[in-house]
Protein chains: 2
Amino acid sequence: MDGEASATTQRPTLAAVAALAGVSGSTASLAFSGAGPVSDSTRAKVLTAAQTLGYAGPDPRAQSLRRGRSGIIGIVIEERLQDAFRDPMSLAMLDGIADETGNAGAGLLLLSDIGGPQLDIRSAPMDAVILVGCSTRLDESVAVLRQRGMPVVAIEADDMPGVLSISLDNRDATARLARHLLDLGHESVAVVALPLDAAKEQQRLPANWDELATSHTTRDRLRGLRDVYPGFGGIVATRSSIDAGRAAGLELLEGADPPTAVVAQSDLLAMGVIRAAESLGIRVPEELSVVGFDGAQVDAMGSYDLTTVIQPAVEKGRAAGRAAVELVEGGSPTPMAFTSELHIGTTTAARSQPERSRAG
Amino acid sequence: MDGEASATTQRPTLAAVAALAGVSGSTASLAFSGAGPVSDSTRAKVLTAAQTLGYAGPDPRAQSLRRGRSGIIGIVIEERLQDAFRDPMSLAMLDGIADETGNAGAGLLLLSDIGGPQLDIRSAPMDAVILVGCSTRLDESVAVLRQRGMPVVAIEADDMPGVLSISLDNRDATARLARHLLDLGHESVAVVALPLDAAKEQQRLPANWDELATSHTTRDRLRGLRDVYPGFGGIVATRSSIDAGRAAGLELLEGADPPTAVVAQSDLLAMGVIRAAESLGIRVPEELSVVGFDGAQVDAMGSYDLTTVIQPAVEKGRAAGRAAVELVEGGSPTPMAFTSELHIGTTTAARSQPERSRAG
DNA sequence: CGCCATTATCGAATCGATTCGATAACGCCC
DNA sequence: GGGCGTTATCGAATCGATTCGATAATGGCG
């Protein structure tokens, strides 16, 4: 007798099951995968043997080596998870992605491209990658992935060869918001911008933002604003949150020459700006118009109906997930461009008349 | 010549690199992994060959088969991602987990145990699993995982053999909150509970909640309240959110015989209850005391300083992540029990005198 | 000068399954 | 009853790396 198998905590292998069932390994495999003709009696024998041995099914590692697929799709997040997941838009997208990839039987592997000896894009066993919240510096990541022959989907990034892009009309949508403000007579407009790059300190928007920005989304939205208000200025917030918006709003509104309208680059930031205005006794929209971006249903929005553009975040995620799945299966999905929808709420109004200015 | 390799889009293998470099496969492997003595000149040759062929490093699939490790830790979420990620506590824990597993060089694979042909706990290539937001019905999941010989860490679950548990003093902390209310003279206390199970409809708390509840956290916290207020009743909210809290709060406060104090099972729910009170013209804390749970920094908390218990959510996640890593490495970490800290804010006050009741 | 301890390299086995081509068994029809 | 098309099963190759034990080359030391 060979009583050596039970000493270690080794799981039984398919070969062991086959041996016990008295069939060959190939037949046992067929019996499990159902990918071939197997008689009912044989299948039963195999299944019984598996039961006896406590065989939990084929080892996924061996399977993925043989099949050349792991069933895993990587998602690259550019920030700390906690930051990424606080943003309702990221969440919505993630949910869309999860929906599609889940339906296709794939799992989602979270990867961050920052720091650490982490399991990273060069060593993770995945079949495709989705880049979320893309910055322009992801070129390196893409290079690595291309070398690995890995299909890549990018959400809101520049077009890059070999990368399937899912885009949003950030520029145009912002321009539409700006034009709405222009129609209302606003001349002094300031932005509360999303971070330009990884450096997260609040600052005045530098004049050369177009060169500095590594975040596509931020840059494109700023461009949209510039299309309508060439000389606009503003503040760069530390992140997309109500608190960051309030801080930025305070700096804007308490400074010299406060604007009559603020373009916030997210609904959370917009809500923060409104808070800031409230705390300074500035009425919205009578004395200050505020617009956002996203169409997030911000809890705590109170009685305001924010003027904003509504982006199809879940759909964007869905599209990305679907594209990734198609790429894995050898298909060639087409890039998709999504458009946002202007929603005019109660936070914008015609510019108050100059004669109401105090002193003169 | 054998010009057949370039036709397909096949990635080069380590063997190809070794061949070009004129060394054996084993040596090439050593050169890459650094796990053995290799002369500098040989290493250089190998690296050059790799460069030439565009070799992107060892195939993770083959690696994980051979090594018996994939570097992936699975996280089982019991709800839709979107739901899970909306809860600040889940996020904080996730962040703690990600921190520790990331440092250990492991990636996080998101798994949901609901529906679909998903890559699931029986077929995902992972080294360990962390169960988050555990319900009592996860016994089946645990059975599957044990059969696979997979290390399992569970956060806030019953003790189960073979499962390393990370627990929180849900019951005791709730009892402390309740005692605080008792000290303030409150006799009529109602709960706004977290969902008892997957069914997500708002309902009156059934009398036999102790049997019905499949969520450990919900049940243990309810038990804590019962320890102090044996006959309490209340509402089961649809989820942990401000909106759900408001809805539940309205039902409680508009109903017959409204309570003088509400124990909400999360800070978000508590905030919702406060909102409900505000909209009904009921003053907090003068006419209604409200306590929460979690110690979440709820944006939009306004001027309230919520009485609650602060749980170390990030630390809980860290502990789970660390435990998972240790289990993978063959260690035997010990279970951990975390405790929450009572924070008395401005949302609780002594019960208003009965003579203030209207009519009689 | 010869022996032994290092150091660098190699060959072959191994991880655990899948899959292709071959073989054997079987019933069918003319 | 013999040839043929099915159906079930098997053997062996393969996926792409890692690693153990063996071998060859190198250097130090007595």
Side-chain angles (χ1 to χ4, degrees), chain A residues 5 8-46 49-50 53-71 122-127 148-150, chain B residues 5 8-46 49-50 53-71 122-127 148-150:
Chain A
T8 63
T9 321
Q10 275 180 100
R11 296 284 92 204
T13 70
L14 183 56
V17 173
L20 179 61
V23 302
S24 75
S26 23
T27 303
S29 175
L30 280 288
F32 266 99
S33 66
V38 178
S39 73
D40 290 343
S41 67
T42 306
R43 191 197 322 282
K45 270 193 300 185
V46 173
L53 261 47
Y55 179 68
D59 183 327
R61 285 180 283 253
Q63 254 181 158
S64 68
L65 170 58
R66 183 63 240 238
R67 296 223 239 247
R69 295 244 193 116
S70 61
R122 43 185 13 111
S123 65
M126 44 198 182
D127 301 335
R148 284 187 63 184
M150 186 82 64
Chain B
T8 64
T9 320
Q10 272 181 104
R11 297 284 90 204
T13 71
L14 183 56
V17 173
L20 179 60
V23 301
S24 75
S26 24
T27 303
S29 175
L30 278 300
F32 266 99
S33 66
V38 177
S39 73
D40 290 343
S41 66
T42 306
R43 191 196 323 283
K45 268 192 302 184
V46 173
L53 261 47
Y55 179 68
D59 183 328
R61 286 180 284 253
Q63 250 180 159
S64 69
L65 170 59
R66 181 66 241 239
R67 297 223 238 245
R69 294 241 194 119
S70 61
R122 42 187 12 113
S123 64
M126 47 198 180
D127 301 335
R148 284 188 62 184
M150 186 83 63

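Predicted model, so just to flag it, every value in this text is computed and none were measured.
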Roughly, in whole Å, what's the span from [atom1] in [X] to [atom2] in [N]?
X        : N      : atom1 : atom2 : value
B:Arg11  : D:dA17 : CZ    : C1'   : 17 Å
A:Asp59  : D:dC15 : CG    : P     : 19 Å
A:Leu30  : C:dG21 : CG    : P     : 15 Å
B:Leu65  : D:dT14 : CG    : P     : 17 Å
B:Gln63  : D:dT19 : CD    : C1'   : 13 Å
B:Asp127 : C:dC15 : CG    : C1'   : 14 Å
A:Arg61  : C:dT18 : CZ    : C1'   : 17 Å

Of the options [options], whose atoms approach the side-chain atoms of [X] most closely?
X       : options                : result
B:Arg66 : D:dC15, C:dC15, D:dC10 : C:dC15
A:Leu14 : C:dG11, C:dT18, D:dT9  : C:dT18
B:Pro37 : C:dT7, D:dA17, C:dA17  : C:dT7
A:Arg67 : C:dT7, D:dG16, C:dT18  : C:dT18
A:Thr13 : D:dT9, C:dG16, C:dG11  : C:dG16

Just verifying a value: how many Å separate [X] [atom1] and [Y] [atom2], rounded to the nearest 0.5 Å?
X       : Y       : atom1 : atom2 : value
B:Arg66 : B:Ser29 : CZ    : OG    : 10.0 Å
B:Gln63 : B:Ser33 : CD    : OG    : 8.5 Å
B:Leu65 : B:Ser70 : CG    : OG    : 11.5 Å

*Could B:Arg61 and A:Asp127 be called an ion pair, given the rule that one side-chain N must be under 4.0 Å from one carboxylate O?*
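Yes.
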Under 4.0 Å, counting only non-hydrogen atoms across every strand here, what does [X] touch: a base, just sugar-phosphate, or nothing?
X       : value
A:Pro58 : sugar-phosphate
A:Phe32 : nothing
A:Ser29 : base

Just N and O in the side chain of [X]: are any of them under 4.0 Å from OP1 or OP2 of [N]?
X       : N      : result
B:Thr27 : C:dT9  : no
A:Tyr55 : C:dG16 : no
B:Ser39 : C:dT9  : yes

*Flag the pair A:Arg122 / A:Met150 as yes when at least one side-chain heavy-atom distance between them is below 4.5 Å, and no otherwise.*
no
*Closer to the 5' end of DNA chain C via nearest nucleotide, is it B:Gly36 or B:Ala62?*
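The residue whose closest nucleotide sits nearer the 5' end is B:Gly36.
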_With a 3.5 Å cut-off and heavy atoms only, can you find an N or O donor on one side and an acceptor on the other between the side chain of A:Ser26 and the base of D:dG11?_
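Yes, the side chain and the base share a sub-3.5 Å donor-acceptor pair.
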